[in-house]
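Numbers here are sequence positions counted from 1. This structure is a prediction, so every number in the text was calculated from the model and none was measured.
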Amino acid sequence: MSKLFPHLFEPITLGSTTIRNRIVSSGHDTVLDDHGHIGDDLVAYHEARAKGGAGLIVLQVSGVHETARYTSHVLMATDESSVPGYQAVAEAVHRHGATIFAQLFHPGREVMDGERGMAPRAKAPSDEPQERFKVVPEALSTDEIKDIIAGYGRAAKRIADSGIDGVEIVASHGYLPIQFFNPSVNTRTDEYGGSPENRRRFLAEVAQTVRESVGPDVVVGLRISGEEKTEDGLVATEILNLIEHLDSLRADDVDCLDYFSITAGDSSTLQGAVHIVPSMQIDPGYATSLSEQVKKITDKTVMVAGRINQPHEAETAIAEGRTDMAIMTRAMICDPEIANKSSADNVDEIRACIGCNQACIGHFQQGVPISCIQYPESGRELTFLPRPKVRTRRKVLVIGGGPAGLKAAAVAAEQGDDVVLCEKEPRLGGAVLLAQELPYRSEFGGAATNLSAEAARAGVDIRTSAPATQNLITEVAADHVIIATGAEQRMPALEVADDAFVIGARDYLCEGPDLPAGRVLVTDWKGDWIGLGIALRLAEAGRHVSLATAANFAGAAIQQYTRTLLVSQALRSGRIAFINDARLVGVDADTGYLQSTLCEVVHEVSGVAATIVSAAPRSVPVDLDFGAASVTVIGDAVAPRTVEEAVYEGLTAATDLAARDGAVAGERAVSA
């Protein structure tokens with residue numbers, strides 16, 4: 001038992017089920033389905049978290065009715081073909097001592113995908129339009145409502161009979177059950193609309209039907225946003241009144257609900273959706289203020305989500321009575337072993353989530369399986385785990401101590417090779433060290449910290465301030481060389497007057513020179529963090545900025561929720577003017593000239609005192625003789641991209657190296 005986190009590792013009982021600790025992996029869509037069912041990839045994904053010590057794992061949403069298909073890859077629990085998948089994942093999770101629940105889901109008007117690219121159709125209480133996905137739903141008939149309610153019961157029984165320990169009704173984030181309760185969404189005048197009693201009828205009948213269907217021994221919970229945090233959204237007092245009513249509901253002389261899972265936000269607007277997966281701009285544990293209010297009105301178990309990434313954050317929230325259980329979903333995507341490490345008080349070994357949203361929710365929104373930029377093994381467990389062990393130890397030289405090199409070095413050393421990593425700079429981390437200098441991006445530096453620590457723990461011989469030279473190559477005498485030298489700044493071809501102040505973005509972030517007084521023109525080729533971040537940094541320092549991007553809009557390459565928060569900060573500053581679809585072609589003493597990327601129009605930005613250019617970087621070449629050593633080039637040294645690709649290629653380079661040796665997964669012995 002942990003000495004540091006006694007509350008976090010105290011067992012807790014929900015209904016008739018005892019859960020070994022208070023750490024929860026909440027329902028989150030992984031896009032690891034097998035044609036709408038649970039397959040081997042999804043089983044392996046959840047088994048890794050159960051093996052890693054999680055107390056409770058909640059599966060991603062399962063559709064309860066044919067009208068519940070909100071994406072092309074949603075799990076469906078509408079017929080018996082779903083049963084083998086639930087059985088398989090239950091057995092895998094139980095094998096490691098964890099508890100598993102499944103979510104019961106209907107999106108209502110929150111539908112993302114139509115059939116084969118067509119505009120989506122949706123069913124909702126009324127035909128009120130949805131802003132974010134631009135959906136105008138069809139109003140449900142009374143018969144359809146009754147059939148959907150029955151569908152919740154049928155799905156719940158099917159799932160419970162498959163060996164899943166509990167079911168969770170999803171009424172969070174503006175999905176169907178809470179659409180009925182929201183008077184701005186539900187304009188019905190029948191028994192399911194109008195008065196508060198009628199508007200809560202749907203959810204009450206769902207809860208009663210589910211309890212009647214699964215009986216007294218299966219846990220039933222409710223996931224709900226404690227506040228929707230959006231225009232016309234439900235506020236905390238309305239939600240609390242609803243929870244108070246639901247708390248007293250009974251069916252067959254048993255409480256309908258055993259617990260409340262509290263989150264924040266609403267899917268229907270960009271403003272509310274940022275709270276579905278809050279990024280690093282939002283304070284850790286911020287939603288515990290909502291769960292604390294819920295705990296004041298119920299004796300049932302309360303759990304809460306909202307950027308709880310570290311065990312001390314979870315421990316404090318539980319100890320202070322703000323929640324009973326801590327939802328740490330992204331923390332476990334980043335480090336499936338976080339529970340075991342915390343239980344053993346090995347907190348220095350935790351790979352902390354940095355809230356970047358790039359490969360988790362970012363992948364989901366692209367319709368591809370989720371992962372983690374720091375730990376690409378997530379979602380790829382069957383490909384990369386367990387780690388292979390080499391039969392014959394080799395000498396491996398890694399050139400470059402950025403994310404790609406650090407991951408390659410750590411994995412190669414874990415597999416049993418003798419690894420030397422040389423980095424020309426005094427600090428490890430590469431471009432990550434620049435990224436953390438941008439506003440609302442400081443946590444990104446954690447990626448460098450985590451990867452460096454992993455390499456050190458694996459036994460890598462790390463040499464900083466050590467450029468790769470021919471003498472070093474001779475000294476190390478490597479059997480294999482991995483080149484991860486990253487990328488460097490390049491400046492595009494521009495017409496620049498002698499008296500114009502022009503500086504590259506990387507030089508600006510590294511050197512921090514004083515800029516001449518006046519408006520700053522920031523030009524951005526990609527629409528990523530760099531241009532937008534520099535513009536925000538300048539605006540918050542009191543400067544007026546014109547941000548010109550060659551992308552369709554500022555931050556176009558950033559995950560949607562993260563971009564929403566950044567751009568909202570920019571708009572609030574009142575100091576940033578946006579110019580889209582334009583590239584820089586020239587600068588004179590006080591004017592920047594921008595060529596439209598769409599046509600022949602040229603924009604002139606006058607009154608410019610300084611221009612900061614964020615252009616496409618260039619790979620750093622290596623011109624050395626490696627003799628008989630085999631060579632692999634990875635990351636930005638191949639082609640400049642992002643940290644995600646760099647870390648992934650570090651993983652694959654080391655794994656491929658082990659495969660050449662005929663390594664065996666899971667073997668512990670390594671010959672000298």
Notebook entry, point to check: Is there a donor-acceptor pair under 3.5 Å between the side chain of Ser452 and the backbone N or O of Thr449?
Noted result: no
Next item on the list: Considering only NZ, NE, NH1 and NH2 on the basic side and carboxylate oxygens on the acidic side, decide whether Arg307 and Asp283 come within less than 4.0 Å.
Entry: no
Checklist line | Backbone N/O of Asn340 and side chain of Ser343: donor-acceptor pair under 3.5 Å | finding: no
Note to self: With a 4.0 Å cut-off on N to O distance, would you call Arg463 and Glu475 a salt bridge?
What the structure shows: yes
Check: Does any donor atom in the side chain of Arg519 or Ser546 lie under 3.5 Å from an acceptor atom in the other side chain?
Finding: yes
Note to self: Quick one about His480 and Thr632 (side-chain donor to acceptor, distance below 3.5 Å, no hydrogens or angles considered), yes or no?
What the structure shows: yes
Notebook entry, point to check: Does the pair Arg351/Glu454 count as a salt bridge with the N-to-O cut at 4.0 Å?
Noted result: yes
Next item on the list: Answer yes when Glu414 and Arg387 have at least one side-chain N-carboxylate O distance shorter than 4.0 Å, and no when they do not.
Entry: yes
Check: Any chance the side chains of Asn450 and Tyr375 put a donor and an acceptor closer than 3.5 Å?
Finding: no
Notebook entry, point to check: Does the pair Asp581 and Asn552 meet the rule for a side-chain hydrogen bond (donor to acceptor under 3.5 Å, both in side chains), with working shown?
Noted result: CA-CA 5 Å; Asp581 300 304; Asn552 296 132; 3.1 Å; yes
Next item on the list: Determine, stepwise, if the pair Arg641 / Glu649 fulfils salt bridge (charged side-chain N to carboxylate O under 4.0 Å, His left out).
Entry: CA-CA 11 Å; Arg641 287 154 294 159; Glu649 289 176 12; 2.5 Å; yes
Margin query: Assess, by modelled atom type and distance only, whether the side chains of Arg49 and Ser378 contain a donor and an acceptor separated by less than 3.5 Å.
Written below: yes
Checklist line | Side chains of Asp625 and Gln470, donor plus acceptor under 3.5 Å | finding: no
Notebook entry, point to check: Should Ile308 and Ile327 be marked as a side chain to side chain contact (heavy atoms under 4.5 Å, CB included) after you check the CA-CA gap, both sets of side-chain angles, and the distance that decides it?
Noted result: CA-CA 7 Å; Ile308 303 176; Ile327 293 172; 5.8 Å; no
Check: Does any donor atom in the side chain of Asp345 or Ser2 lie under 3.5 Å from an acceptor atom in the other side chain?
Finding: yes
Note to self: Please tell me whether Ser371 and Arg380 have a donor and an acceptor in their side chains that are separated by less than 3.5 angstrom.
What the structure shows: yes
Notebook entry, point to check: Hey, would you say the His363 and Tyr648 ring centroids sit under 6.0 Å apart?
Noted result: no
Notebook entry, point to check: For Glu425, does its backbone N or O pair with a side-chain atom of Glu423 as donor and acceptor, under 3.5 Å?
Noted result: yes
Next item on the list: Evaluate the salt bridge (charged side-chain N to carboxylate O under 4.0 Å, His left out) criterion for residues Glu540 and Arg572: first the C-alpha distance (whole Å), next the side-chain angles of each, then the deciding distance (0.1 Å), finally the verdict.
Entry: CA-CA 10 Å; Glu540 292 180 353; Arg572 290 189 188 100; over 6 Å; no
Next item on the list: Look at the side chain of Ser619 and the backbone N and O of Ala487, then say whether any donor-acceptor pair between them is shorter than 3.5 Å.
Entry: no
Margin query: For Trp529, does the six-membered ring have the charged nitrogen or CZ of Arg441 within the cation-pi criterion, i.e. under 6.0 angstrom from the centroid and within 45° of the normal?
Written below: yes
Check: Going through the distances and angles, do Thr329 and Ser26 end up as a side-chain hydrogen bond (donor to acceptor under 3.5 Å, both in side chains)?
Finding: CA-CA 6 Å; Thr329 306; Ser26 63; 2.6 Å; yes
Margin query: Checking Glu644 against Thr642: is there a side-chain donor and acceptor pair closer than 3.5 Å?
Written below: no
Note to self: How long is the straight-line distance from CD1 of Ile370 back to CZ of Phe364, given to the nearest 0.5 Å?
What the structure shows: 10.0 Å
Check: Between Arg394 and Asp417, is there a salt bridge with N-O shorter than 4.0 Å?
Finding: yes
Margin query: Tell me if the aromatic rings of Tyr561 and His275 count as close, with their centers under 6.0 Å from one another.
Written below: no
Check: Can we say Asp524 and Lys526 salt-bridge, meaning some charged N sits less than 4.0 Å from an Asp/Glu carboxylate O?
Finding: no
Margin query: What verdict does the side-chain hydrogen bond (donor to acceptor under 3.5 Å, both in side chains) test give for Gln569 and Tyr440, after you've listed the backbone C-alpha separation in whole Å, the side-chain angles of each residue and the deciding distance to 0.1 Å?
Written below: CA-CA 10 Å; Gln569 287 295 112; Tyr440 315 105; 2.7 Å; yes
Notebook entry, point to check: Hey, is Glu381 close enough to Lys51 for a salt bridge, meaning N to O under 4.0 Å?
Noted result: no
